[in-house]
Each structure stands twice: as C-alpha cells, then as structure tokens.
Amino acid sequence: MKNISRSLREIRSGLSSGKITCVQLVKDYIENITEQKDLNVFISLFDEEALKKAEEIDLKIKEGKAGKLAGAVISVKDVISVKGKKLTCGSKILSGFETVYSATVVERLLAEDAIIIGKVNCDEFAMGSSNENSYFGPVKNPVDKERVPGGSSGGSASSVAANMCLLSIGSETGGSIRQPASFCGITGLKATYGRISRFGLVAFASSFDSIGIFGNNNYDIALLLEVIAGTDDRDSTSSETKVHSYSVISSENFSPADVKIGYASEYFEEGLDPEIKEGVLKKLETLKSKGFDVKEISLPHTKYVIQSYYILTSAEASSNLSRFDGVRYGFRSEDSGTMEEMYVNTRSEGFGEEVKRRIMLGTYVLSAGYYDAYYRKAQKVRRLIMNDFENAFREVDFIISPTTPNTAFRLGEKIDDPLSMYLNDIYTASVNLAGIPAVSIPCGKDKNGLPFGIQVMGRKFDEAGLLKIWNDISD
Ligand code: GLN
C-alpha cells in the first residue's frame, strides 16, 4: 500500500516543488486499488486514460497552466455519466450501456484538470443503505471488511477511506453520502437541492436527488464544490444563487459568540447507540465551552420522516425507472414473445429485489384509490417537515445531530429486513425532504474501533457556513 497524502494542499505543494508528479500519483493510487481489490470498490477503472491525463497535467504544471484541481484524483459513483464509458447504476438492466455525454459535474471537474480514475460501485439505482443491493456485489468497509461501508454511495466512501483516490463524487436522495461517510470515517457533503447540476445523474427521485462530495477535509471538499456548483442550462432545477469562494472561506473561523447552534431533542431518543449519543453530546459541550450559544430545539415532525421519505421517493422512482424497458437502454430479456412479455421479462430479470420493491410501492401509492391516502398525505407531511426546519433556522444558525443511529453493521445483517435498513436514514433523510445542505464530519469511534460521524445541517445555500463551522467541530 502506498501512503499517499490525504490533503490536496499537500499534494499540490509536492507537485509544484517537483517532489512528486501526477503520473506517480496515479500509479500509486492504481497500486492501492489493485492491492485492495477484495473491497470490490471499482466497477470500471480508467487506468490508461488517467495516466495519459496525468502526463498532460504534469506538463501543464511545468508551464504554469494547470487548473485548480490539478493533483486531485477522483472517483465517480456509477450513477453519473462519463462520456464514452459504461454507466451501470449497479444494475443488470444497464448491461452493455455506454453514455454519449458527460454529466455537467464531470465536465466541470475535467475543465479544472481533475483526474477521474474510474467509476465506483453503489446500490442499484442508489436505493439502499449498505451497498448490498448492487448487481456487482457488495462493497466492503475498509475499516472492517466484515462490515458494510454504508450506502448507497458505498464505493465512493470506501474509495476515499482506502486511499484509492483523494475525493469522490457521489449522490444523495436520503443520506447516501453522509451515512457511508460516517461508516467509513471520512467526511461527506450534501449541498442544497439545486446547488449542483443534476444533468447526467440518473434520476432516482428527482425532487430529492443531489450530487455531493466525499473527502478528507473541508478545504478539499470546498474547492471541489466551488468548481462543480452553480447554475446549468441543462438542469432547470439548478439554482442561480451565487457560488462563493468556498475554498477561501473554509479556512476562516466564526467568532463563537455570533453563532447559535441547535440540537433537536427528537434526534437523541430511543434507537440511538449510546456511544454515538455520548460522542455527539460531548462535542456539543466542547462547542459550548468555546463560547458558542448551544441550545435545544424541536423538530416535531421527525417521527414521520421515514414514512414520508419512502412514500415520496418510491413514487418518484416508479415513474423515473419506467424508461428502463428493454427498448432504449442496455439489457433486454431474450426469453420474450410479444412486446409486452419483453417489457415484463426485461424488467423482472433486469431489476434487483429492492428496486422492484420500490417500483411496486411507488406505483401503489400513486394509484387512483390510494393517491390521497399516501402520496398526497406524504407531500403534506413533507411541507410540515420543511416548516420545522424553517422555524428552527429562525432560532439557530446550524443544527447538529448524529449522522446515523449506529456504526457500520455486518454484511448480511439487515439485508432481509428492509424496515430496519430504512431506519438507518432516520437522521439524514429529513435533510433531503427539506432540501437543505448538511455535512457529516468524523466524530469518534465506538468500542470496536468503528467510526461515527456528527451531522451539521445549515440553512438553504449556506454551504459556506457549514465549511466554516467545520473548523470548530473537527478540531
Ligand atoms: N438509504 C436511502 C434509500 O435507500 C438513501 C438512498 C440515497 O440517498 N440514494 O433510499
């Protein structure tokens, strides 16, 4: 295993002083990827191309023409398009499918000289909390190989934690960046809905989906955010809100007396691992002793988060996934007579169990007789949950909670119990229902040495605030 620096600042100073080269850096990452194949992280590796790009960037560095992200080697969750490459979404149904265009985020990364080293494993169509729903098999947690890395962006989290790349681009619908970041002991940012273009991200639940970042520190994440955030003509939900110089802001500190931090009592109730509870409460005490105004708040509709999240996202998924029919993309069942049989057989054979469960649940809650009782009701609850946050953010600037109720569980432990799997999203899914930004920052380890994160939630479009408060939370 190569001991590669986990900081872009350090890597860049090595590159500019000539101590290392991009080519060597990529070779080192490839060695780490090859040596840890058993973690099952990469679905496609772009080794040759990455080395070629590294040569070009080394030249640009010499000429003083390199972009902001020179030296950043990045993996991309395989639900995001990279032109000319396979796009699997962790599913059999996309077998053999290659994309003809790149996602906006990918274009923006490449324009600043990032190197994309490959596409990483994930739960099928980003549905899951353990990466066990992938057609390509589960990813293992590098901290403990008997355990899950979290999901759905399990490959992204493992790739960064196992030092196979510096950063990773993942996606979130209900916690898929923050939860695996917490399980693998790294950091993850989910930006405000609309902050980062979704163009080129395969849709799961369009009113929830957002692209986000895994990394090792706030500066690296801030710099990447600065590059990929911002409006995009190809995504009508992308926002025109100003993109700040996040990387500069990430080195600043708040004066504690100006900042109010809330913690919701509902996030510390039954079901929370006592060691995590203690770790997060201790952190709150430290913040208090630094002079921050820390107080208890209430998010009264928290108990409806999981129900409304799973009703609404399944409804949206059932519609979004109707395009995978054996005609337009990838896999088609050979065993088909009529066209209808072809649709049915393709979808029955091409989708995994969890995806089918969601399509059926989603179709059910949208059906004429049940629409009002489930879908419409869940929409109303979503509004109440948004209101909870709006009210809370009138009182405080940030809300802190655990990221997950438990540390990484064992592979196979929850796979036959969807409800207990869904309950993993209890502290994260509310953020996606409300569309606000949040980060997970490493907070501590339990008695088995398993990491857990602390979650910080902010007002809409206050990514800058999250990156700044980070400095007081992580030290
Ligand atoms: N675990 C959640 C789910 O299965 C979140 C997934 C996600 O954020 N993509 O829906």
ask   = Does the pair Lys303 and Glu269 meet the rule for a salt bridge (Lys or Arg N to Asp or Glu O under 4.0 Å), with working shown?
value = CA-CA 11 Å; Lys303 53 182 176 296; Glu269 286 170 0; over 6 Å; no
ask   = Does the pair Arg459 and Asp397 meet the rule for a salt bridge (Lys or Arg N to Asp or Glu O under 4.0 Å), with working shown?
value = CA-CA 7 Å; Arg459 293 191 182 98; Asp397 303 299; 3.2 Å; yes
message = Assess the residue pair Leu321 and Met127 against the criterion (side chain to side chain contact (heavy atoms under 4.5 Å, CB included)); give the C-alpha distance rounded to whole Å, side-chain angles, the decisive distance to 0.1 Å, and a yes or no.
response = CA-CA 12 Å; Leu321 270 59; Met127 297 175 192; 3.9 Å; yes
key: side chain to side chain contact (heavy atoms under 4.5 Å, CB included) assessment of Phe42 paired with Lys119   = CA-CA 6 Å; Phe42 279 80; Lys119 307 285 285 293; over 6 Å; no
query = Can you check side chain to side chain donor-acceptor pair (under 3.5 Å) on Ser129 and Asn424, steps first, answer last?
reply = CA-CA 7 Å; Ser129 308; Asn424 250 276; 5.7 Å; no
CA sep, side-chain torsions, deciding dist, call: Leu224, Ile74, side chain to side chain contact (heavy atoms under 4.5 Å, CB included) = CA-CA 10 Å; Leu224 216 66; Ile74 299 174; 3.7 Å; yes
message = As a quick check of understanding, evaluate side chain to side chain contact (heavy atoms under 4.5 Å, CB included) for Leu166 and Ile4, giving each step before the final call.
response = CA-CA 9 Å; Leu166 184 70; Ile4 311 166; over 6 Å; no
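Without hydrogens or angle criteria, Asp220 side chain to Leu8 main chain gives a donor-acceptor distance under 3.5 Å. Between the side chain of Asn141 and the backbone N or O of Val148, at least one donor-acceptor pair lies under 3.5 Å. Using a distance-only test at 3.5 Å, with no hydrogens or angles considered, a donor-acceptor pair links the side chain of Ser158 to the main chain of Lys140. Counting only distance, with no hydrogens or angles, the side chain of Glu172 and the backbone of Asn432 share no donor-acceptor pair below 3.5 Å. No side-chain donor-acceptor contact under 3.5 Å links Asp425 to the backbone of Gly175. Under a 3.5 Å cut-off, the side chain of Ser206 and the backbone N or O of Ala203 do not form any donor-acceptor pair. Between the side chain of Glu112 and the main chain of Leu69, no donor-acceptor pair closer than 3.5 Å is present. For the pair Arg6 (side chain) and Val160 (backbone), a donor-acceptor distance under 3.5 Å is present. Under a 3.5 Å cut-off, the side chain of Thr88 and the backbone N or O of Gly90 do form a donor-acceptor pair. Checked by atom type and distance alone, the side chain of Thr99 pairs as donor or acceptor with a backbone atom of Lys85 at under 3.5 Å.
Not a single ring pair (Phe, Tyr, Trp, His ring centres under 6.0 Å) links Phe292 to another residue, sequence neighbours left out. Applying the side-chain contact (heavy atoms from CB on, under 4.5 Å) test to Ala191 and every residue at least two apart in sequence or in another chain returns Arg195, Ile196, Leu225, Glu463. Every residue meeting the side-chain contact (heavy atoms from CB on, under 4.5 Å) condition with Asn133, not counting sequence neighbours, appears here in chain and number order: Asp123, Glu354, Ile415. Take Phe461 and apply the ring pair (Phe, Tyr, Trp, His ring centres under 6.0 Å) test, not counting sequence neighbours, and it matches no residue. Tyr310 pairs by the ring pair (Phe, Tyr, Trp, His ring centres under 6.0 Å) definition with Tyr422, not counting sequence neighbours.
Rounded to the nearest 0.5 Å, atoms OG1 (Thr313) and CG (Asn320) are 11.0 Å apart. With rounding to the nearest 0.5 Å, the separation of CG in Asp462 from CG in Leu467 is 9.0 Å. Between the CG atom in Leu167 and the CD1 atom in Ile116 there is a gap of 11.5 Å [rounded to 0.5 Å]. To the nearest 0.5 Å, atom CG of residue Leu25 and atom CD1 of residue Ile30 are 10.0 Å apart. The distance from the OG atom of Ser430 to the CZ atom of Phe389 is 4.0 Å, given to the nearest 0.5 Å. The structure places CD1 of Ile115 at 13.5 Å from OG of Ser75, a figure rounded to the nearest 0.5 Å.
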Please table the atom pairs, donor to acceptor, closer than 3.5 Å between any side-chain atom in residues 276-287 and protein atoms at least two apart or in another chain.
unit_1	atom_1	unit_2	atom_2	d
Lys277	NZ	Phe268	O	3.4
Lys283	NZ	Ile473	O	2.7
Thr286	OG1	Lys282	O	2.9

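Side-chain contact annotation: Asn217 with Ser7, donor-acceptor N/O pair under 3.5 Å absent. Residues Lys77 and Ser156 bring no donor and acceptor atom of their side chains to less than 3.5 Å of each other. Between Ser401 and Gln455, the side chains place a donor N or O and an acceptor N or O closer than 3.5 Å (distance only, hydrogens not considered).
For the residue pair Glu296 and Ser265, the shortest heavy atom distance occurs at OE2-CB, 3.1 Å. Taking all atoms of both residues into account, the shortest heavy-atom contact from Ser308 to Ile385 is OG-CD1, 3.7 Å. Listed here is the closest heavy atom pair of Gly230 and Val243: CA-CG2, 3.6 Å. Of all heavy-atom pairs spanning Asn406 and Lys414, the tightest one is OD1-NZ, 4.5 Å. Contact between Cys122 and Ser134 at its shortest, heavy atoms only, is O-CB, 3.1 Å. Across all non-hydrogen atoms, the minimal contact from Arg394 to Asn391 is NH1-OD1, 2.7 Å.
The aromatic rings of Tyr246 and His244 stand perpendicular to each other, their planes meeting at an angle above 60°, with 30° marking the opposite boundary.
Heavy-atom neighbours of Glu252 CD from other residues, nucleotides or ligands within 6.0 Å: above the threshold of 12. Within 6.0 Å of atom NZ in Lys295, more than 12 heavy atoms from other residues, nucleotides or ligands are found, so the atom counts as buried in its surroundings. The number of heavy-atom neighbours closer than 6.0 Å to CG of Asp417, taken from other residues, nucleotides and ligands shown, is above 12. The neighbour count for Lys86 NZ, taken as heavy atoms of other residues, nucleotides or ligands under 6.0 Å away, does not exceed 12. Within 6.0 Å of the CZ atom in Phe393, the count of heavy atoms belonging to other residues, nucleotides or ligands exceeds 12. Counted within 6.0 Å of NZ on Lys377, heavy atoms from surrounding residues, nucleotides or ligands total 12 or fewer; the atom is thus considered open. In this structure, Asp233 places its CG atom where only 12 or fewer heavy-atom neighbours from other residues, nucleotides or ligands lie under 6.0 Å away. The 12-atom threshold is exceeded at CD of Gln379, counting heavy atoms of other residues, nucleotides or ligands nearer than 6.0 Å.
In this structure the side chain of Ile441 reaches within 4.5 angstrom of the side chain of Val456, judged on heavy atoms. Residues Arg358 and Phe125 fail the side-chain proximity criterion, which asks for heavy atoms closer than 4.5 Å. At least one side-chain heavy atom of Phe214 sits less than 4.5 Å from a side-chain heavy atom of Pro180. A heavy-atom distance below 4.5 Å is found between the side chains of Leu39 and Lys145.
A cation-pi contact, defined as under 6.0 Å to the ring centre and within 45° of the axis, is absent between Arg178 and Tyr427.
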